[in-house]
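In what follows, a single structure is set out as structure tokens and then discussed.
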Amino acid sequence: MIENMFSGSDVSEFRIWMGWADRYVILTHMGPDGDAVGSSLAFCRYLQSKGKQAVVLVPDSAPDFLKWMPGADQMKVYADDPDSAEDMVYKADVLCCLDFNVVGRIGKVAASFLYSKAKKFLLDHHPYPGANFDITLSHPEASSTSELVFHFICALGDFRMIDREMAECIYTGLMTDTGALSYNSNNSNLFMMVSHLLDKGIDKDDIYRRVYHNYSESRLRLQGFVLNEKMQVYPECSTSLITLTDDELRRFDYKKGDTEGFVNMPLQINGVLMSAFFREDNELGLIKLSFRSVGTVPCNRFSSSFFNGGGHQNAAGGEFRGTLQEAVNRFRQGLEEWSESQEDCIKQLFRK
Ligand code: 5GP
Ligand code: MN
């Protein structure tokens, strides 16, 4: 049996809201990934099938490889029309916040979020949730927010209402946040859920192909360039760093989402326990940082200590305002500082 992960009072309170609330806006984080989009679209479709007015609002657009998802064509992008997006947020009865923990992660949507009188509902799996929510369902132990959406719909007593389209969205989020069930997924409950999703009619192999075998030729060549020329490996600290400048990205006709997964690749090297990827983003005027780690190495602590970022123990990120070279220097200083640490979870990086 699938266990109920939520407290009865939180579920009851949301059910009470559903008694009077008609207008729902589902918000998710900047640079929406498979889990952000998957969990949001699944929950939106669920609310719609309960007769509610529900819409997904993303701060910026999702990458093309997620555009096939059921309902993706109906998502509103804040950047496309900020006035009407803000209007929606103000007029909402309930704001459902999926796959982010703090308001800073929704970028320019944050101001209207903070001023809106709507009830605020958080359903998320990032540690350290902020304090801006009326109901906070924060489960860092969950593989993905999509998994939580499945459980939350079940807790509301509506397992039967999950249709194939919702199941596809949920599976996509689960798949992209676990590297197709290759990490963060040692949980029999999760496989029970996948079994239910298959019963709902998903074709998981086809979803895999739609997401991961959907590259342009230039994206694949960029990957070759990165591995051949841009990946630095530092065996003395079990770490790797990839950097890409705006010029390099242009050479390979960069499209949003093209660098997704690059940060994971160096972890395939025997002995590499932490990987970093820095991408120059001239449009945003910053360096976007991604970190990944293995086992007990806390890459979120590296990101928060040296870059004011955050995330999960094994998948974290952040932003750096400065040049790429300055970010690299900070990275090296961070490793230098960590090499003095007496904590086992950090010391393991520096063992020869
Ligand atoms: P990614 O490397 O896929 O962009 O992000 C991995 C994880 O790092 C995300 O799930 C999120 O938890 C966290 N993350 C990414 N970017 C940021 C950021 O700018 N600030 C913070 N605090 N966390 C981030
Ligand atoms: Mn997620």
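Just follow the structure's listing: the first ligand is 1, and inside any ligand the first atom is 1. A quick note: this is a predicted structure, and the numbers were derived from the prediction, not measured.
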Task: Salt bridge present between Lys255 and Asp258 (N-O < 4.0 angstrom) - done: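 Looking at Asp258 together with Lys255, the answer is no, because their closest N to O distance does not fall below 4.0 Å.
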
TODO: Take Phe291 and Phe302, measure what ring pair (Phe, Tyr, Trp, His ring centres under 6.0 Å) needs, and give me the verdict at the end.
DONE: CA-CA 8 Å; Phe291 300 94; Phe302 190 86; 5.7 Å; yes

- [ ] Mind telling me whether Phe14 and Phe152 have parallel, tilted or perpendicular rings, with 30° and 60° as the class edges?
- [x]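 Geometry flag for Phe14 against Phe152: perpendicular rings.
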
Does [X] make a cation-pi contact with [Y], if we ask for NZ or CZ under 6.0 Å from the ring centre and within 45° of the axis?
X      : Y      : value
Lys200 : Phe159 : yes
Arg219 : Tyr254 : no
Lys120 : Phe113 : yes

Close N/O pairs between ligand 1 and protein, under 3.5 Å:
from, atom 1, to, atom 2, distance (Å)
ligand 1, 2 (O), Ser290, OG, 2.6
ligand 1, 2 (O), Arg292, NH1, 3.0
ligand 1, 2 (O), Arg292, NH2, 3.2
ligand 1, 3 (O), Arg292, NH2, 2.9
ligand 1, 8 (O), Gly317, N, 3.0
ligand 1, 10 (O), His126, NE2, 3.2
ligand 1, 12 (O), His126, NE2, 3.0
ligand 1, 16 (N), Lys288, NZ, 2.8
ligand 1, 19 (O), Lys288, NZ, 3.3
ligand 1, 22 (N), Gly310, N, 3.2
ligand 1, 23 (N), Gly310, O, 3.2

TODO: For the Mn ion (ligand 2), check which protein N, O or S atoms are under 2.8 Å away and list them.
DONE: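 Near the Mn ion (ligand 2), below 2.8 Å, one finds Asp35 OD2, Asp99 OD1, His125 NE2, Asp177 OD2.
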
- [ ] Quick one: list whatever passes side chain to side chain contact (heavy atoms under 4.5 Å, CB included) with Asp73, sequence neighbours left out.
- [x]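 Partners of Asp73 by the side chain to side chain contact (heavy atoms under 4.5 Å, CB included) criterion come out as none, since no residue qualifies.
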
Task: Stepwise ring pair (Phe, Tyr, Trp, His ring centres under 6.0 Å) test for His125 and His312 - done: CA-CA 9 Å; His125 70 134; His312 313 275; 4.6 Å; yes

TODO: Check salt bridge (charged side-chain N to carboxylate O under 4.0 Å, His left out) between Glu319 and all other residues, then give those that pass, not counting sequence neighbours.
DONE: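 Once residues adjacent in sequence are excluded, the partners of Glu319 under the salt bridge (charged side-chain N to carboxylate O under 4.0 Å, His left out) criterion are Arg321.
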
